[in-house]
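Heads up, the thing below is written out as structure tokens.
Everything numeric here is computed off the predicted structure, so don't read it as measured data.
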Amino acid sequence: MAKINFGGVEENVVTREEYPLEKAREMLKEETIAVIGYGVQGPGQALNLRDNGFRVIVGQRSPSKSYDKAKADGFVPGETLMSIDEAVEQGTIIMYLLSDAAQIAMWPSVKAKLAPGKALYFSHGFAVTYHERTGIVPPNDVDVILVAPKGSGTSLRRLFLEGRGLNSSYAIYQDASGRAKERAIALGIGVGSGYLFETTFQREVYSDLTGERGTLMGAIQGIFEAQYNVLRKNGHTPSEAFNETVEELTQSLMPLVAENGMDWMYANCSTTAQRGALDWKDKFRDAVTPVFNELYQSVKEGIEAQKSIDSNSQADYREKLEVELKELRESEMWRTGATVRNLRPER
């Protein structure tokens, strides 16, 4: 484990150079990794582990689209693809990758099959951190570990196939076997992490829920809408408003920021853009800081968790979700976006 300086603060990280894949395979050579759920994170993690030479089985309800996807991805019914109950019984490491609502629903059945010495693995701190709301309290005789890739399962798989990695956090909630940390790090390397940084279950879920509602999805959509609407109200065409709001950011600027940092971006744009960006950034920061404080407090108090549990467990959740997504999809801004994407030249 290396000490890396991040902006003047030292943190413990694990890199693939110091912990190569061969070491991870050796660490888990006697383990059977049961991936429970094949929805958002399941496919990417299962396929990366399998391609990296680990023994992987998938537990998924049948019939379901996810079961069919796992089968199409090469998991064999009755051998490496089976019911959730069978997979939990066969696995020594149980990767609990169902949705938060499904984890709550399946927990009594899964808990009953967690034999001493097994490891219970999460990619989100939600279930354990908010245990008073979820009812998920792991037995004392199993390891409870976390590896949380900082991105979607789709991105995890795509970057893996490109020979790159997605950074992940890892945490140990309970070490019953004395091997919990080694298991977590080996799994983090196995799923294709770029590097691994330490956290706790609580810090992971607090930062994750804040990020999802903030700059990763909620805030960015709100900012897109605000700027697009102001431009349209002042006579700009849909194409111009969309290109100045979304297209230039996502296709040109953000990849450069990812490669070189924001200071580089400021240094390599026009002097007019430099001055305007530097003058206005503090105004935007000060305007949204109260919103982020309110958001973080709502996450910390469990309000956001309860909202998720209450809505996601409803039988008609998917139907209600589609109504909300349809409203986004059919807004002028994102109908314009679809046209802009179709006009992009093929690479």
Side-chain angles (χ1 to χ4, degrees), residues 1-36 41-58 91-97 117-125 128 138 142-205 207-208 258-259:
M1 184 177 298
K3 288 275 191 183
I4 304 293
N5 189 300
F6 291 92
V9 178
E10 279 198 341
E11 296 185 38
N12 292 323
V13 301
V14 179
T15 67
R16 289 191 281 188
E17 288 71 27
E18 65 173 301
Y19 203 106
L21 182 60
E22 293 74 19
K23 184 176 179 180
R25 280 198 289 254
E26 177 65 23
M27 178 62 63
L28 302 181
K29 65 181 180 181
E30 303 297 330
E31 306 269 18
T32 296
I33 303 167
V35 176
I36 308 303
Q41 280 289 335
Q45 296 200 34
L47 292 171
N48 290 1
L49 283 164
R50 187 182 69 182
D51 289 354
N52 272 334
F54 297 87
R55 187 183 303 118
V56 181
I57 61 176
V58 172
T92 58
I93 297 173
I94 313 304
M95 300 181 79
Y96 207 30
L97 299 181
K118 292 193 177 191
L120 181 61
Y121 167 110
F122 294 88
S123 282
H124 195 13
V128 171
V142 301
D143 291 345
V144 183
I145 58 180
L146 174 146
V147 174
K150 297 297 107 180
S152 69
T154 301
S155 297
L156 182 72
R157 181 61 176 166
R158 176 175 56 80
L159 290 172
F160 176 86
L161 293 174
E162 293 174 0
R164 299 191 289 157
L166 195 63
N167 298 333
S168 302
S169 59
Y170 76 94
I172 313 303
Y173 183 81
Q174 186 168 279
D175 185 2
S177 70
R179 299 177 53 240
K181 186 173 184 178
E182 289 76 11
R183 279 169 148 174
I185 291 173
L187 288 163
I189 297 298
V191 301
S193 301
Y195 74 84
L196 294 156
F197 60 95
E198 278 188 310
T199 188
T200 66
F201 274 60
Q202 184 185 81
R203 291 208 311 266
E204 191 284 329
V205 72
S207 60
D208 189 69
E259 291 173 13

Subject >> Worked check of salt bridge (Lys or Arg N to Asp or Glu O under 4.0 Å) between Lys150 and Glu204 >> reply: CA-CA 10 Å; Lys150 297 297 107 180; Glu204 191 284 329; 3.6 Å; yes

Given side chains that start at C-beta, do those of [X] and [Y] come closer than 4.5 Å, heavy atoms only?
X      : Y      : answer
Leu97  : Tyr121 : yes
Met95  : Leu49  : yes
Ile172 : Lys181 : yes
Val147 : Phe122 : no
Leu21  : Phe54  : yes

Measuring from [X]:[atom1] to [Y]:[atom2], what's the distance to the nearest 0.5 Å?
X      : Y      : atom1 : atom2 : result
Ser152 : Arg158 : OG    : CZ    : 7.5 Å
Glu198 : Asn12  : CD    : CG    : 4.5 Å
Leu28  : Arg55  : CG    : CZ    : 10.0 Å
Leu196 : Ile185 : CG    : CD1   : 7.0 Å
Ile93  : Leu187 : CD1   : CG    : 4.5 Å
Ile57  : Ile33  : CD1   : CD1   : 10.0 Å

**OP:** Check the pair Gln174, Val142 against side-chain contact (heavy atoms from CB on, under 4.5 Å), reporting the backbone distance first and the verdict last.
**Re:** CA-CA 7 Å; Gln174 186 168 279; Val142 301; 4.3 Å; yes

**OP:** For Thr199 and Ser169, run side-chain hydrogen bond (donor to acceptor under 3.5 Å, both in side chains): C-alpha distance rounded to whole Å, both residues' side-chain angles, the deciding distance at 0.1 Å, then the answer.
**Re:** CA-CA 6 Å; Thr199 188; Ser169 59; 5.4 Å; no

Can any side-chain N or O of [X] pair as donor or acceptor with the backbone N or O of [Y] at less than 3.5 Å?
X      : Y      : value
Thr15  : Tyr195 : no
Lys118 : Ile94  : no
Ser193 : Ile189 : no
Asn52  : Gly190 : yes

Taking all atoms of both residues into account, what is the closest heavy-atom pair of [X] and [Y], and its distance?
X      : Y      : answer
Val144 : Pro138 : CG2-CB, 3.6 Å
Gly125 : Val205 : C-CB, 3.8 Å
Gly44  : Leu156 : C-CD2, 4.1 Å
Val56  : Arg50  : CG2-N, 3.8 Å
Val58  : Ala46  : CG2-CB, 4.4 Å
Glu182 : Tyr19  : O-OH, 4.0 Å

Salt-bridge criterion met for [X] and [Y] (N-O under 4.0 Å):
X      : Y      : answer
Arg179 : Glu31  : yes
Arg183 : Asp143 : yes
Lys29  : Glu26  : yes

Subject >> Residues Val13, Phe6; criterion side-chain contact (heavy atoms from CB on, under 4.5 Å); working and verdict >> reply: CA-CA 11 Å; Val13 301; Phe6 291 92; 3.8 Å; yes

Subject >> Any donor-acceptor N or O pair under 3.5 Å, side chains Arg157, Asn48 >> reply: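 Looking only at side-chain atoms, Asn48 and Arg157 do form a donor-acceptor pair, the distance falling under 3.5 Å.
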
Original post:
With no hydrogens and no angle check, do the side chains of Ser123 and Gln41 hold a donor and an acceptor under 3.5 Å apart?
Top reply: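 No.
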
Original post:
Parallel, tilted or perpendicular: which fits the ring planes of Phe201 and Tyr173, with parallel below 30° and perpendicular above 60°?
Top reply: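 Correct class here is tilted.
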
Original post:
Does the pair Glu10 and Asn5 meet the rule for a side-chain hydrogen bond (donor to acceptor under 3.5 Å, both in side chains), with working shown?
Top reply: CA-CA 4 Å; Glu10 279 198 341; Asn5 189 300; 5.3 Å; no

